[in-house]
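Both backbone and side-chain heavy atoms feed into the values below; hydrogens, waters and symmetry mates do not. Whatever order the structure lists them in is the order used to number ligands and atoms, beginning at 1.
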Amino acid sequence: MNKNDIEKVLITKEELATRVRELGEQITEDFKGEELVVVCVLRGSIIFFSDLIREINLDMQIDFMVLSSYGDSANSSGHVVVKQDLACDIKGKNVLVVEDIVDSGRTIKRLREILNDRDPKSLKIVTLLDKPSRREVEVNTDYTGMSIPDEFVVGFGLDYAQHYRNMKEICVLSPKVYN
Ligand code: IMP
Ligand code: MG
């Protein structure tokens, strides 16, 4: 990991903390009196997930899912496969899926189909980041942290080729790294 790989900081620690708190408050309000199963989509969501669940003041279970989409490191192919499934049965449960970023939309679209087939009571998606200009399939998320321009970002859980996940800010990766 090299400092020169980073073009600029896009979202600071403080901005992230504020937005995560707001999302947590909104989710707490929307699900008042209900229980949740909060699903972390590994690995990119891990930091957002661990901050967000502590801002949600509701009874919850947490669970994890690993998806893989065949493609190179900067693009998903849209062929999304479950590599590790949930441990719990979500039938009749309120499910909140926590994603890091919606890009083409293919991952979320497929994930919605997979989880809806299991008859949850409700299924909502929260994504930290959204790149609307990159959308290839129509999807809707229920909660979005921030919309960002079409730039490849890393940090706060997001990676390029598995690097940079531990950076505290969301940063724009210098295109020379992947070009
Ligand atoms: P989609 O299926 O094209 O919407 O892709 C979503 C997945 O692509 C995310 O969960 C990320 O793993 C990855 N991804 C898309 N854009 C970025 C980015 O700017 N930085 C890091 N990962 C990204
Ligand atoms: Mg990724």
Side-chain angles (χ1 to χ4, degrees), residues 1-13 15-16 19-20 23 37-53 62-86 95-117 123-179:
M1 188 160 117
N2 184 335
K3 270 238 160 13
N4 297 327
D5 295 350
I6 300 305
E7 197 165 274
K8 63 172 184 223
V9 175
L10 189 66
I11 310 172
T12 65
K13 290 187 287 192
E15 289 167 329
L16 286 162
R19 191 64 190 122
V20 172
L23 288 168
V37 177
V38 189
V39 174
C40 177
V41 184
L42 293 172
R43 285 171 274 205
S45 304
I46 178 148
I47 310 289
F48 175 43
F49 174 87
S50 53
D51 283 355
L52 180 67
I53 58 174
I62 62 171
D63 209 337
F64 302 89
M65 211 165 178
V66 180
L67 301 177
S68 88
S69 108
Y70 294 105
D72 64 36
S73 303
N75 286 288
S76 86
S77 68
H79 186 70
V80 179
V81 169
V82 177
K83 293 198 79 176
Q84 185 190 304
D85 209 337
L86 298 174
V95 177
L96 178 69
V97 172
V98 181
E99 253 290 22
D100 53 355
I101 185 164
V102 181
D103 187 45
S104 72
R106 292 181 194 281
T107 305
I108 280 301
K109 182 169 193 263
R110 187 70 195 113
L111 190 55
R112 251 194 210 283
E113 292 165 356
I114 291 167
L115 297 181
N116 260 328
D117 280 347
L123 176 63
K124 300 260 157 126
I125 293 172
V126 52
T127 185
L128 177 64
L129 302 175
D130 187 8
K131 286 195 225 175
S133 64
R134 297 262 305 171
R135 203 70 89 252
E136 290 168 22
V137 296
E138 209 180 305
V139 285
N140 60 307
T141 56
D142 303 280
Y143 304 95
T144 299
M146 296 175 200
S147 287
I148 62 168
D150 180 11
E151 292 181 297
F152 198 86
V153 291
V154 294
F156 203 70
L158 287 103
D159 73 305
Y160 173 69
Q162 303 304 330
H163 294 280
Y164 316 105
R165 291 195 196 274
N166 56 325
M167 289 174 39
K168 292 182 180 175
E169 303 94 3
I170 302 266
C171 297
V172 175
L173 189 64
S174 172
K176 72 175 188 313
V177 177
Y178 52 85
N179 283 336

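Ligand 1 places these atoms under 4.0 Å from at least one heavy atom of T107: 1 (P), 2 (O), 5 (O), 6 (C). Shown in contact with R106 at under 4.0 Å from a heavy atom are these atoms of ligand 1, numbered in order with element: 2 (O), 4 (O). Under a 4.0 Å criterion applied to the non-hydrogen atoms of L158, ligand 1 contributes the atoms 20 (N), 21 (C), 22 (N).
Counting heavy atoms of neighbouring residues, nucleotides and ligands inside a 6.0 Å radius, atom CD of E138 does not exceed 12 of them. Around atom CD1 of I46, no more than 12 heavy atoms belonging to other residues, nucleotides or ligands sit under 6.0 Å away.
Residue D159 touches ligand 1 through its backbone alone, judged by heavy-atom distances below 4.0 Å. Contacts of K131 with ligand 1, taken as heavy-atom pairs under 4.0 Å, involve the side chain alone. Of the heavy atoms in V153, both backbone and side-chain atoms come closer than 4.0 Å to ligand 1. Of the heavy atoms in E99, only side-chain atoms (C-beta onward) come closer than 4.0 Å to ligand 1.
In this structure, the side chain of S174 does not engage the main chain of V177 through any donor-acceptor pair within 3.5 Å.
Contact annotation: the side chain of N140 never approaches that of I125 to less than 4.5 Å [non-hydrogen atoms, C-beta and beyond].
A side-chain donor from one of D5 and Y164 sits under 3.5 Å from a side-chain acceptor of the other.
On a distance-only criterion, G105 and ligand 1 share at least one N/O pair closer than 3.5 Å.
Within the structure, salt bridge (Lys or Arg N to Asp or Glu O under 4.0 Å) pairs that include any residue of residues 139-150 comprise R112-D142, R134-D150 (at least two apart or interchain).
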